[in-house]
There are 2 protein chains.
Amino acid sequence: MRIGELATKTGVSVRALRYYEEQQLLVSERSESGQRHYGENAVDRVQLIQQLYAAGISSAAILEMLPCVVTGVASPQVLATLRGHRSSVIKQIEDLQDTLRQLDSVLAGAVKSHESGVPCPPA
Amino acid sequence: MRIGELATKTGVSVRALRYYEEQQLLVSERSESGQRHYGENAVDRVQLIQQLYAAGISSAAILEMLPCVVTGVASPQVLATLRGHRSSVIKQIEDLQDTLRQLDSVLAGAVKSHESGVPCPPA
DNA sequence: TAGAAACCTGACATTGACGTCAGAGGTAGC
DNA sequence: GCTACCTCTGACGTCAATGTCAGGTTTCTA
């Protein structure tokens with residue numbers, strides 16, 4: 001498939017896909033005229049990249065770990081990197097859970113106060 | 001306390017604290033000569049701001065919700081905003097948990113393959 | 001009462017993951 | 001073959017949360 005189709009299938013912009021290739025996170029075959037062509041597995045690859053981005057992992061780090069994630073094989077060095085990111089992801093989750101509790105306590109109080117007719121003070 | 005002390009207490013840079021004030025997220029009293037002075041509660045405030053930042057909430061959104069978070073009182077409109085962010089935080093947590101599973105499965109496979117002596121292929 | 005250290009404002013620089021635009025060539029349906 | 005749409009490269013723009021530097025004032029310490 002060409003880049004537009006991959007973009008719509010993954011929900012990622014064409015620009016972003018070119019950027020991924022620029023960062024060597026995504027590979028394409030080129031037609032004679034230079035147009036990018038992708039196999040079906042590119043969809044999974046792009047979604048994987050998105051997932052890692054969402055975990056706050058930089059493109060450089062993704063580049064480092066990607067072949068290992070794909071093949072399931074890693075050197076001890078990359079293994080350490082992966083474990084580092086694992087801890088970081090866990091910490092992010094914990095932080096977000098804290099934030100969630102914070103928001104919930106605010107919401108609980110706010111709903112009550114709203115019921116009692118007290119408005120929100122301006123900033 | 002002055003800005004430097006607040007910075008060391010919170011682990012946030014002086015520059016960042018000035019930025020928070022610029023964004024009206026943080027208030028200071030000024031001495032005659034113009035230096036910022038903070039009360040003890042500023043520490044909690046800064047940590048709260050950091051927590052909201054970590055949840056991916058923008059400074060504008062924080063500004064909107066901050067008085068309500070602090071006072072525990074919110075208008076219906078702000079309430080809706082808060083609920084929106086709550087959903088977003090939950091989704092972030094779920095996404096990160098997905099990523100964690102992904103990383104774990106990679107780690108499991110990688111450790112095994114490492115035991116079997118297969119190296120990580122280069123990018 | 002020096003001199004160092006902390007603070008001030010203002011402004012430009014940075015980083016990462018894209019958005020957007022220009023100008024040109026490729027592709028597909030009729 | 002026309003037309004509309006897709007794609008290409010290259011380059012500059014963006015946005016948010018800072019970093020950093022300059023040039024000057026204030027505060028602390030010896």
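Every chain is numbered from 1 and lettered A, B, ... according to where its sequence line falls, protein lines coming before strand lines. Every heavy atom of this structure was used, including side-chain atoms; hydrogens, water molecules and symmetry mates were not. Quick caveat, the model's predicted, so the values are computed rather than measured.
When the P atom of C:dT15 is taken as reference, atom OH of A:Tyr53 falls 16 Å away, rounded to whole Å. Between the CD atom of A:Glu32 and the P atom of D:dC8 there is a distance of 16 Å, rounded to whole Å. When rounded to the nearest whole Å, the span between CD of B:Gln35 and C1' of D:dC28 equals 11 Å. B:Leu17 has its CG atom 14 Å from the P atom of D:dA17, to the nearest Å. Between A:Arg15 atom CZ and C:dG19 atom P there is a gap of 8 Å when expressed in whole angstrom units. Here D:dT27 presents its P atom at 7 Å from NE2 of B:His37, a figure rounded to the nearest Å. As a whole-Å value, the separation of A:Arg18 CZ from D:dT9 P is 7 Å. Between B:Arg30 atom CZ and D:dT26 atom P there is a gap of 14 Å when expressed in whole angstrom units.
A:Arg36 comes within contact range of the sugar-phosphate backbone alone, with a heavy-atom separation under 4.0 Å but no base atom that close.
The phosphate of C:dG16 has neither OP1 nor OP2 within less than 4.0 Å of any side-chain N or O from A:Ser58. Checking the phosphate oxygens (OP1, OP2) of D:dG19, a side-chain nitrogen or oxygen of B:Ser13 falls inside 4.0 Å. Close to D:dT27, at under 4.0 Å from its OP1 or OP2, lies a side-chain N or O of B:Ser33. In terms of phosphate contacts, A:Tyr20 brings a side-chain nitrogen or oxygen within less than 4.0 Å of OP1 or OP2 of C:dC18.
Of the possible polar contacts, one joining the B:Arg45 side chain to the B:Leu25 backbone as a donor-acceptor pair under 3.5 Å is found.
Where A:Ser31 and A:Tyr19 meet DNA chain C, the nucleotide closest to each residue was compared, and A:Tyr19 sits on the side nearer the 5' end. Checking A:Val14 against B:Glu21, the closest nucleotide of DNA chain C that is more toward the 5' end is the one next to B:Glu21.
A donor atom on one side chain and an acceptor atom on the other are not found under 3.5 Å apart for A:Gln47 and A:Thr10.
Taking the charged nitrogens against the carboxylate oxygens, A:Arg36 and A:Glu22 have no contact shorter than 4.0 Å, which rules out a salt bridge.
B:Leu52 and B:Val27 are assigned to two separate hydrophobic clusters, defined by single-linkage of ILVMFWY side chains at heavy-atom distances under 4.5 Å.
Atom CD of A:Glu29 has 12 or fewer neighbouring heavy atoms from other residues, nucleotides or ligands inside a 6.0 Å radius.
When distances are taken from the side chain of B:Arg2 to each of D:dT9, C:dC18, C:dC7, the shortest belongs to C:dC7.
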